[in-house]
Protein chains: 2
Amino acid sequence: MNQKRKAIPSMVKDPMLIQRRREQIIEAAVELFISKGFHKTTTREISQSSGFSIGTLYEYIESKEDVLYLVCDDIHRKMEERLREIIVEEATTVHMLRSAISGFMRVIDEMQDRVLLIYQEIKSLPKEQMTYVLQKEQEITGYFEEILRRGMEDGSLHIDEKSIFLMAHNIVVLGEMWTFRRWALQKKYTLEQYTEIQTSLILRELIP
Amino acid sequence: MNQKRKAIPSMVKDPMLIQRRREQIIEAAVELFISKGFHKTTTREISQSSGFSIGTLYEYIESKEDVLYLVCDDIHRKMEERLREIIVEEATTVHMLRSAISGFMRVIDEMQDRVLLIYQEIKSLPKEQMTYVLQKEQEITGYFEEILRRGMEDGSLHIDEKSIFLMAHNIVVLGEMWTFRRWALQKKYTLEQYTEIQTSLILRELIP
DNA sequence: ATTTACTGAGTAACCGCTCAGTCAGGGTAT
DNA sequence: ATACCCTGACTGAGCGGTTACTCAGTAAAT
């Protein structure tokens, strides 16, 4: 079920160096992909912004798509890290859900360019790597599934087993739309207003 | 406010012929863009699938991006057409909203590849044309804004002016996510199940 | 004879990726 | 201490291939 991420081969021996150089690559590539898109960014640009030559770039990756994969994986990794900081125990499951939602919205807002990047460029990944990235996206909704299930079990949330999965996806999408509909939403609402209205929508369904 | 769509210049004189050929171009290009993506589709492929040579293709457009623009515009046009069929008067505003939502879901489902195409390739459009396409997307949510406002005014829907805009966007996004999250949703739910859960989510917020 | 639509080989530019070669650091034989 | 070689990271000109777009020419209709 749970597929391990494909390790990208490298010509370089020193694992620490690989990690350091790949961090450079990711840092340079995210910025370029955000501002120009994956297809319009050249490998030459990536290597230059990383601070070394194309030759060296290809010592650490095998193809341009590998860079996109590294970038997507890094974004998800950071996202999950922030989520784990935000999802903490609270007095009641309802309070926990509330704070998880508003925390999630803040994370989305902080990382909006990166969230958007994944939405827009995921399709350019080779099939296997795309599957892995989508799985990571599923893991993120998993955090909300867990809270919902707990609320169902302790009786504080009004939801049936069949709807949990969809409701968790709804929470994630209602968060992420803050980025991919920002051309409309961010003109009309502050993040706080947005969070409040969306939270009320979700909770009104869950609290009878 | 309302920006007219930029007319794409053509070398050909006969306006009827322009229309006919552009329909051919759109029909061929949609299929190619859906299966290969915009960037991986070549202009040669588009012209061949359209049934004429590259030279001729460039008599009807000025750049490859123009084709993407034609395609996006056509999809929105067809979407709006279907929406107008679906949004009809009903006994009450609540009934009207109900049937509009379920009708919208059916349209999304029918056009899912095309809806997804717009989501994924819109960013490849030149700025001006992108603005126009986003405006069209706003027009679609406008249909739901109208219903919501009417419900607010006749007292049948519980919503305030400030939330109407966001609620309309929510309806559209909760519909469109059926396509861009289909890797998760369409494995677990039928369109009918999906529609029912999402409708209940929206209506529970609106009906006190 | 002129206009109009159409053709497709050609062009200039670009891009992902490679590979022959450089160089610094360190081990080793003398 | 010196000379020599080896290893591993790095370099960037260049290769092979592709692509968006053009234009000189054809054919048919008026």
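Every chain is numbered from 1, with letters handed out A, B, ... down the list of sequences.
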_Tell me whether A:K123 forms a cation-pi arrangement with B:Y119, defined as NZ or CZ under 6.0 Å from the six-membered ring centre and within 45 degrees of its axis._
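No.
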
In this structure, how many angstroms lie between the [atom2] atom of [N] and the [atom1] atom of [X], rounded?
{"X": "A:I46", "N": "D:dG12", "atom1": "CD1", "atom2": "P", "value": "18 Å"}
{"X": "B:K40", "N": "D:dG17", "atom1": "NZ", "atom2": "C1'", "value": "16 Å"}
{"X": "A:E45", "N": "D:dG12", "atom1": "CD", "atom2": "C1'", "value": "17 Å"}
{"X": "B:M16", "N": "C:dT4", "atom1": "CE", "atom2": "C1'", "value": "17 Å"}
{"X": "A:H39", "N": "C:dC15", "atom1": "NE2", "atom2": "C1'", "value": "13 Å"}

*asked:* Using a 4.0 Å heavy-atom cut-off, does A:S53 contact any base of the nucleic acid, only the sugar-phosphate backbone, or nothing at all?
replied: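 Touches a base.
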
*If you look at every strand shown and take non-hydrogen atoms under 4.0 Å, does A:T41 touch a base, only sugar-phosphate, or nothing?*
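Counting heavy atoms under 4.0 Å across all strands, the contact made by A:T41 is with sugar-phosphate only.
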
_Distance check, rounded to the nearest 0.5 Å: B:D73 atom CG versus B:I8 atom CD1?_
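Answer rounded to 0.5 Å: 8.0 Å.
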
*asked:* Nearest to the B:Y58 side chain among D:dC21, C:dT18, D:dT19, which nucleotide is it?
replied: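 Among D:dC21, C:dT18, D:dT19, the one nearest the side chain of B:Y58 is D:dC21.
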
_Both A:I54 and A:L17 contact DNA chain D. Which one's nearest nucleotide lies toward the 5' end?_
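So the residue in question is A:L17.
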
Give a yes/no answer on whether the side chain of [X] brings an N or O atom under 4.0 Å of OP1 or OP2 in [N].
{"X": "B:T56", "N": "C:dA5", "answer": "no"}
{"X": "B:R21", "N": "C:dC6", "answer": "yes"}
{"X": "B:T42", "N": "D:dT19", "answer": "no"}

*Taking for each residue the nucleotide of DNA chain C with the nearest heavy atom, is it B:G55 or B:V12 whose nucleotide lies nearer the 5' end?*
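Comparing both residues, the 5'-ward one is B:V12.
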
*Report the relative orientation of the aromatic rings in A:H39 and B:H39; use parallel for angles under 30°, tilted for 30 to 60°, perpendicular for over 60°.*
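If you compare the ring of A:H39 with that of B:H39, the planes turn out parallel.
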
*Could you verify whether a donor N or O on one side chain and an acceptor N or O on the other, from A:Q138 and A:H169, lie under 3.5 Å apart?*
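Their side chains do contain a donor-acceptor pair, which is all the 3.5 Å distance test asks for.
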
